[in-house]
Amino acid sequence: MTEQPCYTLINIATDTEPLNELQLKQDLEKGDVPTKIEALKKTIYMILGGERLPGLLMTIIRFLCKLKEPELLEPLMPAITACLEHRHSYVRRNAVLAIFTIYRNFEFLIPDAPELIAKYLEGEQDMSCRRNAFLMLLHADQSRALAYLAACLDQVPSFGDILQLVIVELIYKVCLANPSERARFIRCIYSLLNSPSAAVRYEAAGTLVTLSSAPTAIKAAASCYIELVVKESDNNVKLIVLDRLIAMKDSPAYERVLQDLVMDVLRVLGSPALEVRTKTLALAMDLVTTRTIEEMVQLLKKEVLRTAGGEHEDAGRYRQLLVRTLHACSMKFSDVAATVIPVLTDFLSESNEAAATDVLVFVREAIQRFENLRPLIVEKLLEVFSHIRSVKVHRAALWILGEYATSKEDIEAVMGRVRSALGELPLLEAENKRQAGEKSTEDNSQAAPAQLVTSDGTYATQSAFSATSARKKEEKRPALVQYMMEGDFFIGASLATTLAKLALRYKTLENNIQKSNRLQAEAMFVMSSVLQLGRSGLPIKAMTHDDAERISLCLRSLACPTPLVQKVFTEGCRDALSRMLAAKAEEDSQNQKAKEKPGNIVQVDDAIQFLQLSRGSDLAGGAGDVFEQSLSAAVAGRPGATGDAPAPSALSKVTQLTGFSDPVYAEALVHVNQYDIVLDVLIVNQTEDTLQNCTLELATMGDLKLVERPQPIVLAPRDFATIKANVKVASTENGIIFGNIVYDVSGAGSDRSVVVLNDIHIDIMDYIVPATCTDAEFRQMWAEFEWENKVSVYTTLSDLREYLAHLLKSTNMRCLTPEKACPFSYLCIALSGQCGFMAANMYAKSIFGEDALANLSIEKPLNKPDAPVVGHIRIRAKSQGMALSLGDKINSAQKGPQNKVVQAA
């Protein structure tokens, strides 16, 4: 066997003095140009001599990366080109990017780069390498990219998603610049709507909508969006795509096509997220027509029945949302009201009081507007009256029955239901007997067992305890009596009003005076029985004076009826209801007109846009660049922004993290998106040392979560770098991001240097948007929410309405109190501020579905026009953080330059 030759490397350097690695590093970092050249030569000699210099490696690499000299790149070009044939795909795809960068900066070094990459692309099989190559051709030589795409157009559906995304971008840009190319590539876009990648389908649908306004294209894109919402599990993705569908709906050209897909949109109701369901039902209500209302109502009725047994909090709110949607359907399309009423009235017996209250609101409006449905509604209410479990629902049901039971048969049926719901009369004697019976059974609970004969003739024993328990179960108080025994005699006053209406109306319908007097006497007997029970002392709480006065008034109205009293009882309430519904309809109409876009009106002298003659930016009726819109929405969270220039308020989001005299200067640009925060942190090395392992360490306080830790970097002297950090936001509350920058300096010992950063405060106003709700919902949430924060008003403003406007602007809340005075709300009069006092309710909602309520109560002396406004603001929220954060925001708004705090004397 032949021996292999052995080589010995001999250092032929002329100088014999030992070379110090630390000295070489200082020369490379801080020396002048000749010193750096000499240090680099010495380093090369030492490496050739077999020396290991790990401390100099990163310094030299940072140094070479800073040099943009074509003379240094020219000798490397053959090696870079040869890397296109390397066996590892990692090397090949980075070689493509290197050639792209060199061609973009120094085209003369490789003038045939597009041709070289085009040939390489034909033989490459790795998808990531093909993507990088196609991306280079897209920006360097679009004609070659189009030629490659035309050659493999039928194979595009089989490509990887990373390459398909670049192809969609190319097709969009080509068709935008040259609309005649649309017919060539529109089929490819259609095929990408079925891509396995959700990102590709989303971008392809957006491109299709932008490039074509044909009904088939709009329908295909909308169907793709709907499939994405249905199949994607991430709620953020669902909400983003739903917003895209809502934006399409706002276009008159697209709305008609989307109306045919309303049943497909309702498939999204399978999502468990309440926010997604809310947006879906709102979108469906805007799209439903007379052709699809029947199917939609049938589906919603199935949803109502499917959620009837759920006890989860979201299940109850979802049922309430379904009830309101069916209510809106019935008011918008009166033909379906008859099919909706039987399903919704079954909700009155549910334990979910909120949904049952919404049902009664719907029933009250339906029975007033649809006269032909009144017999059906009265019949259904009588069926479920004995199964109602809530006192509020019972009160509302009594009012409706007393107001709309207009026939003799209905009045007699209502009286029968009331008698059965009260049990034995008079109530006081029945209650005394019940309590005496319970006491006697307790005394006899130790009695001897009794012998019983069973059905088969054998003997069995039954204890007195079991018999007593059975009797107790049988002798349970009727529902109306139970309410009053618990101290709620408002139901008794409502019952008295209902009976007075029925008796007075029955008197005009029944010719038989004896029957009329009998029913009137029965009504008075019930009223006096309730009054007697309330004053007996047996209930937990005594009857209030107001309730007693109301029942006495009803008794006097039946004992000595007058035409005026009869008119008030039989006609006044219904007239008030009709006026209230008319005012509500007018307000809804005004709100709808305010939402309408003025651009929908076309003037007769407006210019006509021809697609073939329009510029690329005017394609598809000015639909806009879908890629720019997606980028703006992803980066800045502001859909519709062009992205050509930063927003005017972008610089206001810059937070200085360190001082100017610190060795490392840092500042952060805070991008607040819907569900996360992106921090662009600029780090500047202000020293003459190379900072190694420079790490941005962040921590959060509040309901914030750092997604991933930023990676360490190396900063050359006077160098700078940008580090991105993502923070997830889980709820609406003031959050704080804090941390420090740590780094190593070579030769400075083992201790790491630390620069502490200033805190970044996250404002909750970025997550709060104005919202609206009904008075009943406001009162319900006000009673349910357990966290309250009371903020005192300290201001120099002397006008009540001016302070309210300033508060609404500062907190992103909406005033729920109507502006104009009406006879149905005392708050309307208070809002006018003419009496020196103002009370208003405000409401806002976060993007996470959290509710924030506020009640403003302020005043000022009328005899002192320049006196400042005083009062307080009460905030209620479900979470403590929301209530405290909103209170802090109000306090800071009062300290602003426009509203200075009044200093105490």
Side-chain angles (χ1 to χ4, degrees), residues 345-353 356-357 360 381-402 412-445 463-500 502 521-548 550-552 554-555:
T345 50
D346 292 338
F347 263 89
L348 299 178
S349 59
E350 292 286 333
S351 57
N352 186 359
E353 186 177 286
T357 304
L360 282 174
L381 284 179
L382 289 174
E383 287 180 3
V384 300
F385 187 82
S386 57
H387 302 289
I388 296 176
R389 307 177 186 178
S390 170
V391 61
K392 293 182 180 179
V393 179
H394 254 130
R395 284 203 309 262
L398 281 172
W399 188 93
I400 294 174
L401 290 173
E412 293 171 355
V414 173
M415 289 297 297
R417 285 289 188 273
V418 169
R419 286 298 303 269
S420 62
L422 289 172
E424 184 181 352
L425 294 177
L427 296 178
L428 181 58
E429 295 183 9
E431 187 61 30
N432 287 330
K433 290 180 182 179
R434 185 177 294 108
Q435 293 187 3
E438 291 177 358
K439 185 175 181 180
S440 64
T441 52
E442 289 176 2
D443 295 339
N444 297 331
S445 60
S463 67
F465 179 76
S466 61
T468 302
S469 301
R471 284 196 299 270
K472 281 185 179 180
K473 187 175 181 181
E474 293 175 358
E475 295 176 0
K476 184 179 179 181
R477 290 191 186 99
L480 297 182
V481 179
Q482 183 65 34
Y483 301 146
M484 290 184 280
M485 289 301 297
E486 292 172 356
D488 190 348
F489 278 92
F490 188 24
I491 185 69
S494 301
L495 176 62
T497 305
T498 299
L499 294 178
L502 294 176
E522 185 178 4
M524 296 177 69
F525 180 44
V526 172
M527 296 179 198
S528 60
S529 180
V530 172
L531 195 60
Q532 186 183 22
L533 178 65
R535 294 172 174 174
S536 65
L538 292 180
I540 297 176
K541 296 179 181 178
M543 178 184 290
T544 63
H545 177 74
D546 292 340
D547 294 336
R550 186 59 180 266
I551 298 174
S552 301
C554 294
L555 274 170

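Computed from heavy atoms alone, side chains included, the values below leave out hydrogens, waters and symmetry copies. Counting from 1, the numbers follow the sequence of the chain as shown.
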Sole residue of Val481, Leu531, Leu538, Val526 in side-chain contact (heavy atoms from CB on, under 4.5 Å) with Leu427: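 Considering Val481, Leu531, Leu538, Val526, a side-chain contact (heavy atoms from CB on, under 4.5 Å) with Leu427 is found only for Val481.
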Where [X] and [Y] come nearest, the two heavy atoms and their spacing:
X: Ala413; Y: Leu382; result: CB-CD1, 3.7 Å
X: Val530; Y: Gly492; result: CG1-CA, 4.0 Å
X: Met527; Y: Cys554; result: SD-CB, 3.7 Å
X: Ser536; Y: Leu533; result: OG-O, 2.7 Å

For Phe490, all residues meeting ring pair (Phe, Tyr, Trp, His ring centres under 6.0 Å), sequence neighbours excluded: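 Result, ring pair (Phe, Tyr, Trp, His ring centres under 6.0 Å) vs Phe490: none returned.
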Spatial distance of atom CD (Glu383) from atom CZ (Arg417) [nearest 0.5 Å]: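 Between atom CD of Glu383 and atom CZ of Arg417 there are 8.0 Å.
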Point-to-point distance, once rounded to the nearest 0.5 Å, from CG of Leu480 to CE of Met485: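 Answer rounded to 0.5 Å: 14.0 Å.
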Leu381 and Leu360: CA distance, side-chain angles, deciding distance, side-chain contact (heavy atoms from CB on, under 4.5 Å) verdict: CA-CA 10 Å; Leu381 284 179; Leu360 282 174; 4.3 Å; yes
[X] vs [Y] side-chain heavy atoms within contact, under 4.5 Å:
X: Met484; Y: Leu422; value: yes
X: Leu499; Y: Met415; value: yes
X: Thr544; Y: Phe489; value: no

side-chain contact (heavy atoms from CB on, under 4.5 Å) evaluation trace for Val391 with Glu486: CA-CA 11 Å; Val391 61; Glu486 292 172 356; over 6 Å; no
Working for side-chain contact (heavy atoms from CB on, under 4.5 Å), residues Arg419 and Leu425: CA-CA 9 Å; Arg419 286 298 303 269; Leu425 294 177; 3.3 Å; yes
Polar side-chain atom of Thr498 near backbone of Ser494 as donor-acceptor pair, under 3.5 Å: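 Yes; judged by distance alone, with no hydrogens or angles, the pair exists.
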Side-chain donor or acceptor of Arg477 paired with backbone N/O of Gln482 under 3.5 Å: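 No; judged by distance alone, with no hydrogens or angles, the pair does not exist.
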Atom pairs and distances, donor-acceptor, side-chain atoms in residues 393-402, under 3.5 Å, two or more places apart:
residue: His394; atom: ND1; partner: Tyr483; partner atom: OH; Å: 3.0
residue: His394; atom: NE2; partner: Phe385; partner atom: O; Å: 3.1

